[in-house]
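Below: one structure, written as structure tokens.
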Amino acid sequence: MPNTPNPEFLRRAIALATENVVTGRGGPFAAVIVRNDSIVGEGVNTVTTSLDPTAHGEVNAIRAAARSLGTFALAGCELYSSCEPCPMCLAATYWARIDAVYYGASAADAARAGFDDAFLYEELRKDHAARHLPSKQLLGGEAWASFQAWIDSPKKIEY
């Protein structure tokens, strides 16, 4: 972990999550992104109000921080989440290059409240053919053209 965690940032995320529920705007999840001891992005769960299943608190906070800082790479930032990130949010945190994650409630706490991610973790460990959601590769050769275009492009911005 790069810095000593600051509980005040986690308290902010917890307060945002609670307020989100009390006001009826969404689920009990929120996050803040911090750089150099300053909040650069905040987000709450807006899945039901935005009709966007990816609008989790962490994802919304990452989007806000990226806009605020004018970059897609959030190296040097830390994520404080009211709850342990789900698989999607954890993956988004890795993609954003965030340095550390600090969370309040655990995945087990979320499961007790009806938000159980255990199924997702189990599915990710299975071979494609054994998953509940059917998945099959098609047109692999044709699809490679996009990657070849990327490899050949002088305009690419690597991430």
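Since we're looking at a predicted model, the values are computed, not measured. Along the sequence shown, the residues carry numbers beginning at 1.
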Could you go step by step and tell me if S106 and E84 meet the side-chain hydrogen bond (donor to acceptor under 3.5 Å, both in side chains) rule? CA-CA 5 Å; S106 69; E84 184 175 356; 5.0 Å; no
Kindly state each residue pair satisfying ring pair (Phe, Tyr, Trp, His ring centres under 6.0 Å) with at least one member in residues 8-36, sequence neighbours excluded. F9-Y80, F29-F115
More than 12 non-hydrogen atoms from neighbouring residues, nucleotides or ligands closer than 6.0 Å to CD on Q137, yes or no? no
So, taking the atom named NZ in K126 and the one named CG in L133, what distance separates them when rounded to the nearest 0.5 Å? 11.5 Å
Just verifying a value: how many Å separate I33 CD1 and L69 CG, rounded to the nearest 0.5 Å? 9.5 Å
Flag side-chain contact, heavy atom, 4.5 Å: S82 against T18: no
Among the clusters formed by ILVMFWY side chains lying less than 4.5 Å apart, do Y102 and L90 turn up in the same one? no
side-chain contact (heavy atoms from CB on, under 4.5 Å) partners for R12, two or more places apart: L16, V32, I39, E42
Salt bridge check: are E78 and R35 linked by an N-O gap of less than 4.0 Å? no
Between E122 and R125, does at least one N-O distance fall below 4.0 Å, as a salt bridge requires? no
Keeping the roles fixed (side chain from T49, backbone from R25), state whether a donor-acceptor pair exists under 3.5 Å. yes
Distance col, row S135:OG vs E123:CD, nearest 0.5 angstrom, shows 11.0 Å
Residue pairs meeting salt bridge (charged side-chain N to carboxylate O under 4.0 Å, His left out), one or both in residues 150-159, sequence neighbours left out, come to none
Just how far is it from atom CD1 of I62 to atom SG of C89, taken to the nearest 0.5 Å? 7.0 Å
Heavy-atom side-chain contact between E58 and L79 under 4.5 Å: yes
Only counting residues at least two apart or in another chain, list the ones meeting salt bridge (charged side-chain N to carboxylate O under 4.0 Å, His left out) with D52. R63
Aromatic centroids of W144 and F147 separated by under 6.0 Å: yes
With hydrophobic residues grouped by side-chain heavy-atom distances under 4.5 Å, do F72 and W95 end up in a single group? yes
For R67, side-chain hydrogen bond (donor to acceptor under 3.5 Å, both in side chains) partners two or more places apart: none
Mind checking side-chain hydrogen bond (donor to acceptor under 3.5 Å, both in side chains) for D37 and listing every partner two or more places apart, or none if nothing turns up? none
Out of curiosity, I14 CD1 to L10 CG, how far, rounded to the nearest 0.5 Å? 4.0 Å
So, taking the atom named CD1 in I98 and the one named OG1 in T93, what distance separates them when rounded to the nearest 0.5 Å? 5.0 Å
